[in-house]
A.B. asks: 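Before I ask anything, here is the structure I am working with.
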Amino acid sequence: MPSLVWTEWRHLPLAEEISPKLLQEQLDGGQSFRWQGLPDDIWRGVLGSCLIEVRAARGGLDWRGWEKQVDAGRMLRSYFDAEGKQALAVDQLPWRSDKVLASAIKNFSGLRILRHDPHETLIGFLCSSNKRIIQIKLMVATLARTMGEHIVDDYYAMPTWARLARATDAELKACALGYRAAFIRGTAQRLEARPHWVDEMQKLSTTELLVELQKLPGVGPKVASCVALFGFGRLESFPVDTWVVQALASAYQLKRWKPEQLAEFGKTHFGASAGLAQQYLFASARAGLLSVATDVKPRTLKRKSKKSPKRRG
DNA sequence: ACCCAGGTTGTCA
DNA sequence: TGACAACATGGG
């Protein structure tokens, strides 16, 4: 069995500086579920079949990989948008006329959308419903360890759809997926018969892409939006999750708006870079940094009901 | 014991 | 269409 020997640390220049705090938000803030934090602000993760460590450094990132792998550097340049293409996209957001957005951008200045692998993104967000990020990370890690190709030590690639399609009930059960196991299996059975689905879907318009993704079991509007944004790099895609619902309700006075309506609001208000706006709002909301206009705290409004089941009518 | 979690699906009216 | 509960599992 090969042993884990790291390459020397190398430098990856980025168009913009990145701080340790920002790196943490990007790698562990719900875009990817594959990174683990180590001491000294180092992050270790598996991308595709590459095992990688990164840390913030002046002018960009320092990184190293398992010595027996190649091409990781090229992938990282894309992954972190080394050319800085997203800077323009951020500038195109309506922050000049939107103080809430301006504040959110300032909170996490330099935050970018990772260019993640569509396949891995889909698996991750198929696991995401009704789960915290930490739990999603655990499910994804277990899927890899159970059915993914071994890389080195305790590191594994994500399983292929073909492998997932023929996973036994026991294997899926061991991954603690709960009811999401049927999502994974169902989608796997569809996609194993469609090996070029990424290339095919990349050709679609974003609207068409969202429709196509939602034909897969376990993929609704929110998961599709995340896959389009993080996996296919569609910066206009605007995922509406519980945090965004709360953020828009409080900071934008959009109480009682349904997710579908909020998605439409995001699309029209934030425009071609709506996904980036979403990520700033999401991060700010999670950090408790959004100016909550007086009220709106749904959880405090909920009172426990009596023992009889709730009815409405 | 109870509530909630980067939602989706099935099932009622 | 549109609202709502069920869905498995783990942590606070």
Side-chain angles (χ1 to χ4, degrees), chain A residues 25-35 104 108 111 113-114 116 120-143 146 167 169-187 190 210-211 213-231 237-249 256-264 266 274-288 290 297-313:
Chain A
E25 182 61 34
Q26 291 196 178
L27 297 184
D28 206 29
Q31 296 193 47
S32 170
F33 306 106
R34 289 291 268 165
W35 295 93
F108 292 93
L111 180 62
I113 301 297
L114 295 173
H116 214 255
E120 301 190 4
T121 308
L122 181 51
I123 292 180
F125 282 96
L126 276 172
C127 297
S128 69
S129 74
N130 266 319
K131 280 296 177 188
R132 299 206 171 112
I133 290 172
I134 182 68
Q135 290 296 335
I136 301 168
K137 287 175 68 174
L138 185 59
M139 288 187 273
V140 167
T142 310
L143 277 168
T146 307
D169 289 338
E171 283 173 328
L172 293 173
K173 179 82 175 175
C175 296
L177 300 169
Y179 63 86
R180 302 159 200 80
F183 295 167
I184 292 282
R185 172 177 284 158
T187 288
R190 296 275 201 88
L210 293 173
V211 169
L213 285 170
Q214 286 178 72
K215 292 177 182 174
L216 298 169
V219 180
K222 193 274 176 179
V223 170
S225 300
C226 286
V227 174
L229 178 60
F230 305 123
S237 182
F238 188 81
V240 177
D241 74 320
T242 53
W243 290 101
V244 172
V245 168
Q246 208 175 111
L248 294 179
R256 274 185 262 282
W257 283 44
K258 285 168 287 188
E260 187 180 352
Q261 298 174 303
L262 294 173
E264 184 62 26
L276 268 163
Q278 176 272 163
Q279 203 60 28
Y280 283 104
L281 293 172
F282 175 82
S284 294
R286 283 194 352 127
L290 271 187
K297 297 230 170 162
R299 60 178 56 177
T300 65
L301 298 180
K302 287 187 179 174
R303 287 306 325 162
K304 39 179 154 179
S305 54
K306 305 201 70 171
K307 291 177 182 175
S308 61
K310 304 176 208 169
R311 8 177 162 269
R312 288 255 160 181

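Chain identifiers are assigned alphabetically (A, B, ...) following the order of the sequence lines, protein sequences preceding nucleic acid strands; residue numbering begins at 1 within each chain.
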A.B. asks: According to a cutoff of under 5.5 Å between the ring centres and under 30° between the ring planes, does A/W243 stack with the base of B/dG6?
C.D. replies: no
A.B. asks: For residues 274-287 of chain A, which residue pairs qualify under side-chain hydrogen bond (donor to acceptor under 3.5 Å, both in side chains), counting only residues two or more places apart or in two chains?
C.D. replies: A/N107-A/S284, A/R112-A/Y280
A.B. asks: Please classify the nucleic acid contact of A/Q279 as base, sugar-phosphate, or nothing, using heavy-atom distances under 4.0 Å.
C.D. replies: base
A.B. asks: Could you give the CG-to-P distance, from A/L122 to B/dG6, as a whole number of Å?
C.D. replies: 19 Å
A.B. asks: A/K131: what forms a side-chain hydrogen bond (donor to acceptor under 3.5 Å, both in side chains) with it, not counting sequence neighbours?
C.D. replies: none
A.B. asks: Take atom P in B/dT11 and the same atom in C/dA8, then report the distance between them in whole Å.
C.D. replies: 13 Å
A.B. asks: What is the separation between atom CD1 on A/I184 and atom P on B/dT8, rounded to the nearest whole Å?
C.D. replies: 13 Å
A.B. asks: For the pair made of CG in A/L213 and C1' in B/dG7, what is the distance, rounded to whole Å?
C.D. replies: 15 Å
A.B. asks: Check if the side chain of A/Q278 and the base of B/dG6 share a donor-acceptor pair of N or O atoms closer than 3.5 Å.
C.D. replies: yes
A.B. asks: Please report the distance, rounded to the nearest Å, between NZ in A/K215 and P in B/dT8.
C.D. replies: 17 Å
A.B. asks: Rounding to an integer number of Å, can you tell me how far A/D241 CG sits from B/dT8 P?
C.D. replies: 10 Å
A.B. asks: Looking at every non-hydrogen atom in both residues, tell me the closest pair between A/G275 and A/I113 and how far apart they are.
C.D. replies: O-CD1, 4.0 Å
A.B. asks: Where the side chain of A/K258 is concerned, which of B/dG6, B/dT8, C/dA3 is the nearest nucleotide?
C.D. replies: C/dA3
A.B. asks: Taking side-chain hydrogen bond (donor to acceptor under 3.5 Å, both in side chains) as the test, write out the residues that go with A/D241, two or more places apart.
C.D. replies: none
A.B. asks: Sequence neighbours left out, cut at 3.5 Å: what donor-acceptor pairs do the side chains of residues 120-129 of chain A make with other protein atoms?
C.D. replies:
{"unit_1": "A/E120", "atom_1": "OE2", "unit_2": "A/G48", "atom_2": "N", "d": "3.0"}
{"unit_1": "A/T121", "atom_1": "OG1", "unit_2": "A/H116", "atom_2": "ND1", "d": "3.4"}
{"unit_1": "A/T121", "atom_1": "OG1", "unit_2": "A/D117", "atom_2": "O", "d": "2.6"}
{"unit_1": "A/S128", "atom_1": "OG", "unit_2": "A/F125", "atom_2": "O", "d": "2.7"}
{"unit_1": "A/S129", "atom_1": "OG", "unit_2": "A/Y179", "atom_2": "OH", "d": "2.8"}

A.B. asks: Suppose we screen for ring pair (Phe, Tyr, Trp, His ring centres under 6.0 Å). Which residues come up paired with A/F108, at least two apart in sequence or across chains?
C.D. replies: none
A.B. asks: Using whole Å, report how far CZ of A/R256 lies from P of C/dA3.
C.D. replies: 13 Å
A.B. asks: Looking at residues at least two apart in the chain, or sitting in another chain, which of them share a side chain to side chain contact (heavy atoms under 4.5 Å, CB included) with A/A167?
C.D. replies: A/M147, A/R163, A/E171, A/L172
A.B. asks: What is the distance from CD1 of A/I134 to C1' of B/dC4, rounded to the nearest Å?
C.D. replies: 16 Å
A.B. asks: Starting from P on B/dA5, measure out to CZ on A/R286 and report it in whole angstrom.
C.D. replies: 12 Å
A.B. asks: Nearest 0.5 angstrom please: A/L114 CG to A/R34 CZ, how far?
C.D. replies: 14.0 Å
A.B. asks: Please tabulate, one pair per line, each protein N/O and nucleotide N/O from nucleotides 9-13 of chain B that are separated by under 3.5 Å, including the distance.
C.D. replies:
{"unit_1": "B/dT9", "atom_1": "OP1", "unit_2": "A/G218", "atom_2": "N", "d": "2.9"}

A.B. asks: When the C1' atoms of B/dG6 and C/dA3 are considered, how many whole Å apart are they?
C.D. replies: 22 Å
A.B. asks: Give the B/S/- string for nucleotides 7-12 of chain C, one per nucleotide from 5' to 3', where a protein heavy atom under 4.0 Å of the base yields B, of only the sugar-phosphate yields S, and otherwise -.
C.D. replies: BBBSS-
A.B. asks: Identify each donor-acceptor pair in which a side-chain atom of residues 214-230 of chain A lies under 3.5 Å from a protein atom, sequence neighbours left out, and give them as a table.
C.D. replies:
{"unit_1": "A/Q214", "atom_1": "NE2", "unit_2": "A/L210", "atom_2": "O", "d": "3.2"}
{"unit_1": "A/K215", "atom_1": "NZ", "unit_2": "A/E212", "atom_2": "OE1", "d": "3.1"}
{"unit_1": "A/S225", "atom_1": "OG", "unit_2": "A/P221", "atom_2": "O", "d": "2.7"}

